[in-house]
Amino acid sequence: MGMLSKVHAREKMIQQQIIARGLHDQSVLTALRTVERHRFVPTELRGEAYDDNPLPIGYGQTISQPYIVALMTSLLEIDAHSRVLEIGTGSGYQTAVLAEIAAEVYTIEIIPELASRAEALFAELGYTNIHVRCGDGHVGWPEHAPFDAIMVTAAPHEIPPALTEQMAVGGRLVIPVGNFYQDLLVLTREEKGIEKRNVTAVRFVPMTGGK
Ligand code: SAH
């Protein structure tokens, strides 16, 4: 696929998978137009990079479906001032989408090979606002807390307490919780406590690690 056809495939993805499903968040659409999703999938799957489904990225993990990336990014309600924590770097695609919108993105990946592969790709693509750590996301990243927004892209059985503790007041946490099928939850920290709502059913790989 040539460069123009990739631009075309990306625009078609945005029109048919994102806008057609009712998502019109301009900052998210702009980020999806900018980030070259085919750079984040294995070479042999580049022709499928803009398809309406997740794809394998090695080590038993997957790059999320474009619509889920768009939906979860939109739910975070971030802007150019936001400091964001992401758990589950994986391919790095979601991270790059976040980095197009936010000020700083801190991302944690438990599989060393995926963490170093993503870090190398971010450097190659010129991102200076992405910070990668290899480790267990259950503990969050206390040195850089609190965060305006936290996104988790692997599913725990329960919300890790460290993550709610690291939310700024007014901040949001978007996280799939459950076993085979999960509820996509949005938590908002108010002055007085935490509000929680259930958005939709999703399917993510399990969050590993923990105690
Ligand atoms: N947003 C990524 C999704 C990758 S799949 C993408 O679109 O490419 C989820 C990722 O979470 C996997 O790479 C998996 O290794 C990672 N993961 C699972 N448990 C984790 C944990 N406890 N801490 C950090 N990363 C974890």
Side-chain angles (χ1 to χ4, degrees), residues 10 13 17-18 28 31-32 35-43 45-46 48-76 78 84-102 105-122 125 127 130-142 144-145 147 149-164 166 173-180 182 184 202-211:
R10 197 148 62 244
M13 170 191 90
Q17 302 174 35
I18 315 296
V28 176
L32 293 178
V35 181
E36 299 187 320
R37 185 171 162 93
H38 62 274
R39 299 293 306 267
F40 296 84
V41 307
T43 319
L45 293 177
R46 283 199 172 172
E48 297 167 51
Y50 297 98
D51 291 0
D52 194 12
N53 44 258
L55 291 169
I57 55 170
Y59 309 94
Q61 308 304 321
T62 56
I63 176 173
S64 303
Q65 179 190 11
Y67 176 68
I68 293 297
V69 171
L71 175 65
M72 289 175 77
T73 307
S74 177
L75 291 169
L76 278 189
I78 51 172
V84 182
L85 173 67
E86 180 196 37
I87 310 299
T89 318
S91 68
Y93 176 67
Q94 171 74 77
T95 322
V97 169
L98 294 170
E100 290 290 334
I101 306 171
V105 181
Y106 298 86
T107 185
I108 306 177
E109 169 57 53
I110 203 165
I111 299 177
E113 291 84 354
L114 290 177
S116 48
R117 193 171 76 188
E119 193 166 31
L121 184 55
F122 299 144
L125 297 175
Y127 287 101
I130 299 177
H131 315 278
V132 183
R133 167 185 266 187
C134 181
D136 186 349
H138 279 91
V139 297
W141 199 327
H144 294 288
F147 299 97
I150 303 178
M151 180 187 292
V152 184
T153 65
H157 299 300
E158 278 163 35
I159 300 170
L163 299 185
T164 50
Q166 291 174 26
L173 166 63
V174 175
I175 182 167
V177 179
N179 300 314
F180 189 76
Q182 303 109 25
L184 185 63
V202 287
R203 251 203 91 185
F204 277 87
V205 296
M207 186 166 176
T208 58
K211 287 164 211 96

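The residues of the chain are indexed from 1 along the displayed sequence. Counting starts at 1 for both ligands and their atoms, in listed order.
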Flag, side chain of D51 to backbone of N53, donor-acceptor distance under 3.5 Å: no
Closest approach of any protein heavy atom to atom 17 (N) of ligand 1, naming residue and atom: I110 CG2, 3.8 Å
Enumerated ligand 1 atoms positioned under 4.0 Å from heavy atoms of L114: 13 (O)
Element-labelled atoms of ligand 1 that are located less than 4.0 Å from some non-hydrogen atom of G137: 21 (C), 22 (N), 23 (N), 24 (C)
Atom 9 (C) of ligand 1 [closest protein heavy-atom partner, distance rounded to 0.1 Å]: T153 O, 3.3 Å
Check: S64 N/O within less than 3.5 Å of ligand 1 N/O: yes
Cation-pi, F180 ring and R203 (6.0 angstrom, 45 degrees): yes
Distance-minimising heavy-atom pair for F40 and Y93: CD2-N, 3.4 Å
Proximal ligand 1 atoms for V205, defined as those under 4.0 Å from one of its heavy atoms: 5 (S), 9 (C)
L32 side chain reached by T73 side chain, heavy atoms, under 4.5 Å: no
Per atom 6 (C) of ligand 1, closest listed option by heavy atom (S91, G88, P160): S91
Side chains of Y50 and R10, donor plus acceptor under 3.5 Å: yes
Close approach of T89 to ligand 1, heavy atoms, under 4.0 angstrom: yes
Nearest-0.5 Å distance, CZ of residue R46 to CZ of residue R37: 13.0 Å
Proximal ligand 1 atoms for I111, defined as those under 4.0 Å from one of its heavy atoms: 15 (O)
Minimum-distance protein heavy atom relative to atom 12 (C) of ligand 1: Q61 OE1, 3.2 Å
Any side-chain donor near an acceptor of the partner, E109 and T89, under 3.5 Å: no
Donor-acceptor pair, side chain of Q61 and main chain of G88, under 3.5 angstrom: no
Gap between atom CD1 of I130 and atom CG of L98 - 0.5 Å precision: 8.5 Å
Check: Y93 N/O within less than 3.5 Å of ligand 1 N/O: no
Sub-3.5 Å N/O-N/O distance, M207 and ligand 1: no
Protein residue, atom and distance nearest to atom 5 (S) of ligand 1, heavy-atom basis: T62 O, 3.2 Å
Which of the ligand 1 atoms, numbered from 1, are nearer than 4.0 Å to a heavy atom of H138: 22 (N)
Main-chain N/O of I87 paired to T153 side chain as donor or acceptor, under 3.5 Å: yes
Test item, G135 contacting ligand 1 (heavy atom, 4.0 angstrom): yes
Subset of ligand 1 atoms that lie under 4.0 Å from at least one heavy atom of I87: 23 (N), 24 (C)
Check: G209 N/O within less than 3.5 Å of ligand 1 N/O: no
Top protein contact for atom 19 (N) of ligand 1, by heavy-atom distance: T208 N, 2.9 Å
Which of the ligand 1 atoms, numbered from 1, are nearer than 4.0 Å to a heavy atom of A154: 11 (O), 18 (C)
Nearest heavy-atom neighbours spanning G178 and A155: O-CB, 4.2 Å
Greater than 12 external heavy atoms within 6.0 Å of H144's NE2: yes
Donor-acceptor side-chain pairing of S64 and Q94 below 3.5 angstrom: no
Under 4.0 Å to a heavy atom of D136 - the qualifying atoms of ligand 1, by number: 21 (C), 22 (N), 23 (N)
Closest to atom 13 (O) of ligand 1 (judged by heavy-atom distance), picking from R37, Q94, E109: E109
